[in-house]
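All heavy atoms count here, side chains included; hydrogens, waters and symmetry mates do not. Along the sequence shown, the residues carry numbers beginning at 1.
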Amino acid sequence: MLIIAGTLSVEPSDVDRLREAAAVMMEETHKEAGCQQYVFSLSVADPGAVQIFEVWDSAEHLEAHFATPHMAAFAEVMGSVTMTGRDLMRYEVASAEPM
């Protein structure tokens, strides 16, 4: 299992455009094989911070995700916003259990 987690920082004036693209991205990505979770969340404390949390069954599923049409459309929107920071990590998880 893979987890992708972190923060994208964008100019606050670009958040609405990013929100629209992220909503489509989440909806389409949830339909993909191997996607367990895929969430964008806007910070209430920092108007330009977008939290990302993804859970994938495998690296192969994540790689297939990068080749989807909705990923290409999202990348186009991301290219049009002013990114001020990026802090994303990829974690390989050996086991997980409920708390």
Side-chain angles (χ1 to χ4, degrees):
M1 175 188 332
L2 295 179
I3 294 176
I4 310 298
T7 304
L8 298 177
S9 299
V10 300
E11 284 295 323
S13 60
D14 289 333
V15 168
D16 285 340
R17 189 167 9 142
L18 182 57
R19 178 184 295 135
E20 290 175 21
V24 172
M25 186 67 169
M26 287 188 309
E27 182 178 343
E28 293 303 315
T29 301
H30 285 134
K31 298 173 187 175
E32 292 181 45
C35 177
Q36 294 182 26
Q37 291 188 53
Y38 195 89
V39 180
F40 289 87
S41 301
L42 300 176
S43 172
V44 296
D46 180 350
V50 180
Q51 300 290 317
I52 297 175
F53 187 78
E54 307 174 25
V55 180
W56 294 92
D57 287 342
S58 69
E60 292 78 19
H61 288 106
L62 178 61
E63 288 302 317
H65 165 68
F66 292 138
T68 61
H70 51 274
M71 182 59 148
F74 185 73
E76 189 173 317
V77 171
M78 287 301 296
S80 71
V81 303
T82 302
M83 179 103 53
T84 59
R86 179 181 169 193
D87 181 22
L88 292 175
M89 298 294 292
R90 174 181 164 154
Y91 302 91
E92 293 187 34
V93 179
S95 66
E97 61 186 49
M99 297 235 352

Is there a side-chain contact between [X] and [Y] (heavy atoms, below 4.5 Å)?
| X | Y | answer |
| --- | --- | --- |
| E54 | L62 | yes |
| R17 | S80 | yes |
| Y91 | M89 | yes |
| I3 | R90 | no |
| T68 | F74 | no |

Got a second to check how far [X]'s [atom1] is from [Y]'s [atom2], nearest 0.5 Å?
| X | Y | atom1 | atom2 | answer |
| --- | --- | --- | --- | --- |
| L18 | T82 | CG | OG1 | 11.5 Å |
| Q36 | H30 | CD | NE2 | 11.0 Å |
| D14 | L8 | CG | CG | 12.5 Å |
| C35 | H61 | SG | NE2 | 10.0 Å |
| M78 | M71 | CE | CE | 9.5 Å |
| L2 | H65 | CG | NE2 | 12.0 Å |

Does the plane of the ring in Y38 sit parallel, tilted or perpendicular to the ring in W56? Use 30° and 60° as the thresholds.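 Correct class here is perpendicular.
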
Do you know which two heavy atoms are closest between [X] and [Y], and how far apart they sit?
| X | Y | value |
| --- | --- | --- |
| P47 | A45 | CD-O, 4.0 Å |
| V15 | G48 | CG2-CA, 4.1 Å |
| F40 | M26 | N-SD, 3.2 Å |

Which of these, E27, K31, E32, E28, sits in a side-chain hydrogen bond (donor to acceptor under 3.5 Å, both in side chains) with H70?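 By the side-chain hydrogen bond (donor to acceptor under 3.5 Å, both in side chains) criterion, H70 pairs with just one of E27, K31, E32, E28: E32.
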
For the CZ atom on R86, are there more than 12 heavy atoms of other groups (residues, nucleotides or ligands in this structure) within a distance under 6.0 Å?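 Incorrect, the count does not exceed 12.
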
Using the rule that two of Ile, Leu, Val, Met, Phe, Trp, Tyr join whenever any of their side-chain heavy atoms come within less than 4.5 Å, decide whether [X] and [Y] are in one cluster.
| X | Y | answer |
| --- | --- | --- |
| L88 | V55 | no |
| V81 | L42 | yes |
| M83 | V50 | yes |

Would you say the side chains of S13 and E11 form a donor-acceptor pair under 3.5 Å? no

